[in-house]
Amino acid sequence: ITYGIFAVLLVPIIFFGENFFPFITSKAYVFRIVVECITAAWIILVLRDSSYKPKWTPIAWAVTALTVFSGLSSFFGVDISRSIWSNYERMEGWITIIHLFAYFVVVVSVLKSKKLWNRFFLTTLAVSTAIALWGMLQISCAGNFANSGLAIADNSFCIGLSKSFIAQKLGGLQI
């Protein structure tokens, strides 16, 4: 379960080019699958050890209320199908909110020590930093910083990097 919690933090760097909307659907599918797996494992864990039940804090009540009221607004919305399922362009809807709620419940139930929360924070920070650096590299190789002198002058570096395995898995250098 803990590995799954941390695996979700890596979802923003996932990219499957075969999908119709690769920058959205790839992440949404992987997020949902991982959350469903860790939630199922967490339910089994709670049945065996009740100490992993979530504590009902004001934040937990607020997140639960948000999920319930979002569900009500989805059911009474203009287009119930779009409200609940959304579409492939957005992958947002009540189904995503339910998955976020399940992830929240599992995280607050399983990460009990300060050490795990620190690792969770540091992993989030590392992934965010990697994505930010990758974005800056994309802009530098695209030459958008040419006037400021921050563009990468060696075009062969950018061409080689754009053909690399990592670049292909992250959607290339120039999105």
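Keep in mind that the numbers below use all heavy atoms, side chains included, and drop hydrogens, waters and symmetry copies. From a predicted model like this one, the values you see are computed outputs, not experimental measurements. Throughout, residue positions are numbered sequentially from 1 according to the sequence presented.
Residues meeting the side chain to side chain contact (heavy atoms under 4.5 Å, CB included) test with Ile44, sequence neighbours left out: Arg48.
Considering all non-hydrogen atoms of both residues, Ala102 and Val35 come closest at CB-CG1, 4.0 Å. Across Leu116 and Lys112, no two heavy atoms sit closer than the pair CD1-N, 4.4 Å. Residues Val34 and Ala7 come closest through the heavy atom pair CG1-CB, 4.5 Å.
Note: the hydrophobic cluster containing Val63 also contains Phe120 (ILVMFWY, side chain heavy atoms under 4.5 Å, direct or indirect links). Hydrophobic clustering (side-chain heavy atoms under 4.5 Å, transitive across Ile, Leu, Val, Met, Phe, Trp, Tyr) keeps Phe104 apart from Ile95. Linking ILVMFWY residues whenever their side-chain heavy atoms come closer than 4.5 Å, directly or via other members, places Val11 and Val105 in the same cluster. If you chain together hydrophobic residues whose side chains sit under 4.5 Å apart, Trp42 and Trp117 fall into the same group. Linking ILVMFWY side-chain heavy atoms closer than 4.5 Å, directly or via other members, places Tyr103 and Ile97 in two distinct hydrophobic clusters.
The environment of Arg119 atom CZ is sparse: at most 12 non-hydrogen atoms of other residues, nucleotides or ligands sit within 6.0 angstrom. In Ile59, the CD1 atom is not crowded: 12 or fewer heavy atoms of neighbouring residues, nucleotides or ligands sit closer than 6.0 Å. In this structure, Phe21 places its CZ atom where more than 12 heavy-atom neighbours from other residues, nucleotides or ligands lie under 6.0 Å away.
No option in Trp85, Phe69, Phe76, Phe75 other than Phe75 meets the ring pair (Phe, Tyr, Trp, His ring centres under 6.0 Å) test with Trp94.
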Tell me which donor-acceptor pairs under 3.5 Å the side chains of residues 50-57 have, and how far apart each pair is, sequence neighbours excluded?
{"from": "Ser51", "atom 1": "OG", "to": "Asp49", "atom 2": "OD1", "distance (Å)": "2.9"}
{"from": "Ser51", "atom 1": "OG", "to": "Asp49", "atom 2": "OD2", "distance (Å)": "3.2"}
{"from": "Thr57", "atom 1": "OG1", "to": "Ala60", "atom 2": "N", "distance (Å)": "3.2"}

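Interatomic distance, Trp61 CH2 to Leu66 CG, rounded to the nearest 0.5 Å: 14.5 Å. Atom-to-atom distance recorded for Ile1:CD1 and Phe6:CZ is 13.0 Å, nearest 0.5 angstrom. Distance OG1/Thr96 to CD1/Ile84: 12.0 Å, rounded to 0.5 Å. To the nearest 0.5 Å, atom CG of residue Asn118 and atom OG1 of residue Thr123 are 10.5 Å apart. Atom CD1 of Ile98 sits about 11.5 Å away from atom OG1 of Thr39, to the nearest 0.5 Å. Between the OG1 atom in Thr129 and the CG atom in Leu122 there is a gap of 10.0 Å [rounded to 0.5 Å].
Between Phe31 and His99, the ring planes lie tilted relative to each other; the angle falls in the 30° to 60° range.
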